[in-house]
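Here is the structure we will look at.
As the structure is a computational prediction, the values presented were derived from the model and not from experiment. Residue numbers begin at 1 in each chain, while the letters A, B, ... track the order of the sequences.
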Protein chains: 4
Amino acid sequence: MQRTIRVTIWNEFFHEQHKESIRKVYPEGIHGALAKMLGKNEDFVIRTATLEMPEHGLTDEVLENTDVLIWWGHRRHADVSDEVAEKVKNRVLDGMGFIPLHSGHLCKPFKLLMGTICRSKWRENDEKERIWVVEPSHPIAEGLPEYIELPAEETYGERFEVPTPDEVVFISWFAGGEVFRSGCCWKRGLGKVFYFRPGHEEYPTYYRDDISLILTNAVRWAAPRNFTRPTLGHYEALETVADKFAGRSEAERKHL
Amino acid sequence: MQRTIRVTIWNEFFHEQHKESIRKVYPEGIHGALAKMLGKNEDFVIRTATLEMPEHGLTDEVLENTDVLIWWGHRRHADVSDEVAEKVKNRVLDGMGFIPLHSGHLCKPFKLLMGTICRSKWRENDEKERIWVVEPSHPIAEGLPEYIELPAEETYGERFEVPTPDEVVFISWFAGGEVFRSGCCWKRGLGKVFYFRPGHEEYPTYYRDDISLILTNAVRWAAPRNFTRPTLGHYEALETVADKFAGRSEAERKHL
Amino acid sequence: MQRTIRVTIWNEFFHEQHKESIRKVYPEGIHGALAKMLGKNEDFVIRTATLEMPEHGLTDEVLENTDVLIWWGHRRHADVSDEVAEKVKNRVLDGMGFIPLHSGHLCKPFKLLMGTICRSKWRENDEKERIWVVEPSHPIAEGLPEYIELPAEETYGERFEVPTPDEVVFISWFAGGEVFRSGCCWKRGLGKVFYFRPGHEEYPTYYRDDISLILTNAVRWAAPRNFTRPTLGHYEALETVADKFAGRSEAERKHL
Amino acid sequence: MQRTIRVTIWNEFFHEQHKESIRKVYPEGIHGALAKMLGKNEDFVIRTATLEMPEHGLTDEVLENTDVLIWWGHRRHADVSDEVAEKVKNRVLDGMGFIPLHSGHLCKPFKLLMGTICRSKWRENDEKERIWVVEPSHPIAEGLPEYIELPAEETYGERFEVPTPDEVVFISWFAGGEVFRSGCCWKRGLGKVFYFRPGHEEYPTYYRDDISLILTNAVRWAAPRNFTRPTLGHYEALETVADKFAGRSEAERKHL
């Protein structure tokens, strides 16, 4: 019997409403495309939220009932309130999985969780991207071929200014001469973070089966498990260590 | 010819002024003791700064001329201004080394850089601490025996709520039953961070030769090197990749 | 629908046959106790193998049909044939999970996979061991309290001479003053390795529910997933990179 | 006052003697070119050794007096004796730095230290290689620009079958569509290992200033420091933990 995973897909939902060419690619919004894609997994319960909703759709009630939060943002990072960004960060520290996509590497919650500026090189040049699996035994690579290829994507390039990832699952090659750590895992508090590079708004990347498989794997990997919250703060010794003399030499005892 | 390392030692300097028993241990303040200790290294140029100074003694001019910042704080973390905390974080991302000591694990700049709450268990019980070197080949362990022992220290215990360290150099054993990752390294941006656990204000920890050796090693390890700042942001392709046809099959070419 | 995991439990099965006091603790052998413990999981298919069996019970047929191999050895590491040790190593590189227990840290396959001597400090002194969870969100820690305690165990101490683990899940505290990285994860080739410290032959450690939970979690974590074997060796370019001129400046082109 | 670093450069020295076109590139052998390059550092004492010398030039005396061993091999890996390979491995575990270059990723000592097969994809196609610095603050990247470019090199491609590196300093882009973790660090025992990808025998790679800088940095990084060899094996408790009652509850005491 499989556990249910509650997935919230957040999208700033700006480009799709303000640029015709992008609306054509994602008529239901990127969140809509992702919801349809991930909704094929019977054990996922999908919800979407967007910037313009009250509290950006990320109320306490929503966050508390989210196991994994997927995040797509780009142009309007600055319009996400600091309060909501802080709440998202805290829910991750408390166990929620977090999957920023593509330009989501510059969203407030990700930057708060990483502690760095998270920038990279980029250009829009319709270049081919080939994403290599460098850790084939990682759960997020399950079922994938040894590389996948996107005929045209926005190019990102190293140096990607993030903390050294706990695990690098994918490295991208771009036709124009760049490489990028495109699939990176970090633990933060009790939560897990997976950054995944592809998904420029002008390309139909989120309709692909291979991308669907990666995101499905990532959601399962990031979903919180049945963990025990550690006690933090003041803590009595668990046992009588006899007394202060325990573990001390004669000389030391005399000085106590 | 050795390069000079400019070290700034920051101390909240509260306990030493408000509690007689602590003043007796550190009559010149913890910063004073650390300055004397580290000042024995001819290649270190030492400066100190404290909470009550204007801008907490961490003006732009001071930060720009600091290679490694050591930080001791405890009771008055909240009194450090958000602005200064943010500046310290940014200087680390730009290459400055940062060495929070002991209860400095809860200072604002460290929490900003880690992205987590950085809490742990603790108690004050005069317990013996034995610090084991688990990476003897690490530069910070250079010259040390395989463990050092503090006759009495404040106890810290896991779970230490920090991101998985890039390197764990020391693990502590406490008489009361706890363990702690006492020497942890992280890279953040272009800067290096080393957290070192010991140094409760009631004990003369910062007069010890072994602690002096560890901090000296840590300063050398954390000092910025001659690195190249990566270009970030928009970036033209470095080369003519012929044209959009390069690296594309015939079929793909037809679609461009 | 859960996948079945085929678990082979290997035991040198020496102490239990040659020392009465140990036979009393493990009348059916350590492998017998582990088989009973892990056999409670309906999705595990358990098999055991011991040193004295032909090919130590690890024929090609057995290895090819093993998803996760658990290994307990101590006194008779040297009696394991180099050929079998090499085969075990190769099966791990090809995807099999491998879980050496306790003194299994010195078995031939583990040393081959680690590339180091894998030694540590040790003593038999009936000391209390308290095992702290340092990564509560790790799958192997699922369902555990924040520490478990063994009233008496053999003591192991750092420096544990292994490569830096990919993940440290547990750190042990021992009453006599040592610490130990007691639960360590490594990837090797397509396989996963988890070393778990407890289980001295004189103590009934492998009858405990908490140990059972850890080993069950570890088996699930180490079991191979549906990965793609990377192509290795000579490899034609996947695409016509136009020709040798692609990605080259005019000056460079002239030299080709 | 700088410490002296004793560097031994090992080369199988086969291609240069058997193929005219390669002799033209490296008339004094690859070891000769490397010796000249690294010999410019006044603090390095350089020695060379080749396959055909007795014990391949790696006698006990040579190994004991080597701080860092650089290794270039390709066609004749199998002709290196198992005994010498084992000795090299053991010297690394005892503190010697080890820097396998290019096809040296398949040499016996590296495979013994890694525990994996260490293979990758490859082809000889005169492709451009662009090597990106992904950890600009790493000592091995000191003084480098953010990438270096080799106009033509042998192509290597992921999946590189090695254990997850402790640190990845460089990632290569190849014109034909591959990426490769070209600069990888591992700790093994008390020694440090740095694998560096470039250096196909047909190209004058080892005459370049940027490559010279990288190898110089790598030698300094890999050179052993003044560490303490940990005590391994049986180990008495360092202190009287009072007695067996220490750290035990009343109930537990009754059972001892």
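Looking at D:Ser120, the atoms closer than 4.5 Å to chain C (heavy atoms on both sides) all sit in the backbone: N, CA, C or O. Neither the backbone nor the side chain of D:Trp186 comes within contact range of chain C; no heavy atoms are under 4.5 Å apart. The part of C:Leu112 that comes within reach of chain D is its backbone (N, CA, C, O), which places non-hydrogen atoms under 4.5 angstrom from that chain. At a 4.5 Å heavy-atom cutoff, the contact between D:Glu178 and chain C is made by side-chain atoms alone.
With hydrogens and angles ignored, the 3.5 Å screen pairs no side-chain donor or acceptor of D:Arg123 with any backbone N or O of C:His234. Judged by distance alone, with hydrogens and angles left aside, the side-chain atoms of D:Arg159 form a donor-acceptor pair with the main-chain N or O of C:Gly189 at under 3.5 Å. Looking only at distances, a side-chain donor or acceptor of C:Lys121 sits under 3.5 Å from a matching main-chain atom of D:Thr231.
With a 6.0 Å radius and a threshold of 12 heavy atoms from other residues, nucleotides or ligands, D:Arg75 has its CZ atom at or below the threshold. Atom CD of C:Glu124 has more than 12 neighbouring heavy atoms from other residues, nucleotides or ligands inside a 6.0 Å radius.
Of the listed residues (D:Gly233, D:Cys118, D:Pro230, D:Gly191), the one with the most heavy-atom contacts under 4.5 Å to chain C is D:Gly233.
Looking only at side-chain heavy atoms (C-beta outward), D:Glu161 and C:Leu190 come within less than 4.5 Å of each other.
Summarising the geometry of D:Ala237 relative to C:Gly176, their closest heavy-atom pair is CB-O, 4.2 Å, with the distance given to 0.1 Å.
Residue D:Pro163 is tested with C:Arg188, C:Lys187, C:Met114 for a side chain to side chain contact (heavy atoms under 4.5 Å, CB included); the sole match is C:Arg188.
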